[in-house]
Amino acid sequence: MWKIIPYAILQSVLLCGGQVFLKLALMRLPAFGWNREFWGSLLTNWQFAACGLFFALASLLWMYIVKYFPFSMAYPMVSLSYVFGMLAAILFFHEEVSMIKWMGVACIVVGCFLIAK
């Protein structure tokens with residue numbers, strides 16, 4: 001069942017991309033509020049639109065994955081998005097990631113490969 005790995009990686013990258021664009025969009029917006037200013041600025045923000053596109057593509061790919069692979073194998077593969085999230089935190093938001101967090105990411109990767117086997 002190694003065929004799931006490329007699909008899972010792509011789906012996780014799309015999910016992570018959606019989260020990155022969401023954070024970028026929210027960083028440019030005024031403080032959250034149930035008012036016209038916040039929602040108007042959200043709906044005219046291109047990063048928010050990109051976020052929606054990435055989430056839509058991830059959802060379409062998820063539909064394919066769930067249809068053609070066992071759910072017990074497919075669902076745990078979503079955790080690969082944590083790996084890409086950690087990389088995105090470093091690349092896009094210049095966050096520091098401790099060694100203990102990298103060890104957690106390594107456990108996730110090992111777990112995904114064990115599930116796919």
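- Val66 and Ile9 fall within the same hydrophobic cluster, defined by Ile, Leu, Val, Met, Phe, Trp and Tyr side-chain heavy atoms under 4.5 Å apart, directly or through other members.
- Taking all atoms of both residues into account, the shortest heavy-atom contact from Ser72 to Ile115 is O-CG2, 3.9 Å.
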Dump the intermediate steps for side chain to side chain contact (heavy atoms under 4.5 Å, CB included) on Leu29 and Phe38, then the final yes or no.
-> CA-CA 7 Å; Leu29 296 178; Phe38 176 79; 3.8 Å; yes
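- Interatomic distance, CG of Leu80 versus CG of Leu15, reported as 10.5 Å (0.5 Å rounding).
- In this structure, Met73 and Ile4 have side chains that are in contact, with non-hydrogen atoms separated by less than 4.5 Å.
- Nearest heavy atom pair, residue Ser79 against residue Cys112, reads OG-SG, 3.4 Å.
- Residue-environment remark: CD (Glu96) stays at or below the threshold of 12 foreign heavy atoms within 6.0 Å.
- Contact of the Leu10 side chain with the Pro6 side chain is not registered, since no non-hydrogen atoms from C-beta on lie closer than 4.5 Å.
- The aromatic rings of Tyr64 and Phe69 stand perpendicular to each other, their planes meeting at an angle above 60°, with 30° marking the opposite boundary.
- When the ring-ring contact (aromatic ring centres under 6.0 Å, His included) test is applied to Tyr75, the partners found at least two apart in sequence or on another chain are Phe71.
- A 6.0 Å sphere centred on CG of Leu43 holds more than 12 heavy atoms belonging to other residues, nucleotides or ligands.
- Phe32 is listed as a side-chain neighbour of Trp34, based on a closest heavy-atom distance under 4.5 Å.
- The closest side-chain heavy-atom distance from Tyr7 to Tyr68 is not below 4.5 Å.
- Using modelled atom types, no side-chain atom of Trp46 and backbone atom of Ala25 make a donor-acceptor pair closer than 3.5 Å.
- In terms of the side-chain contact (heavy atoms from CB on, under 4.5 Å) criterion, residue partners of Gln19 (sequence neighbours excluded) are, by chain and number, Leu22, Phe55.
- Phe93 carries Lys23 over the face of its six-membered ring, with the cationic atom under 6.0 Å from the centre and within 45° of the normal.
- Looking at every heavy atom in both residues, Ala8 comes nearest to Ile65 through N-CD1, 4.2 Å.
- In this structure, OG on Ser81 lies 11.0 Å from CG on Leu14, to the nearest 0.5 angstrom.
- Residues Gln11 and Leu61 approach most closely at N-CD2, 3.5 Å, considering heavy atoms.
- Aromatic rings from Phe54 and Phe21 are positioned such that their centres are separated by under 6.0 Å.
- By the 4.5 Å heavy-atom criterion applied to side chains, Val78 and Trp62 are counted as neighbours.
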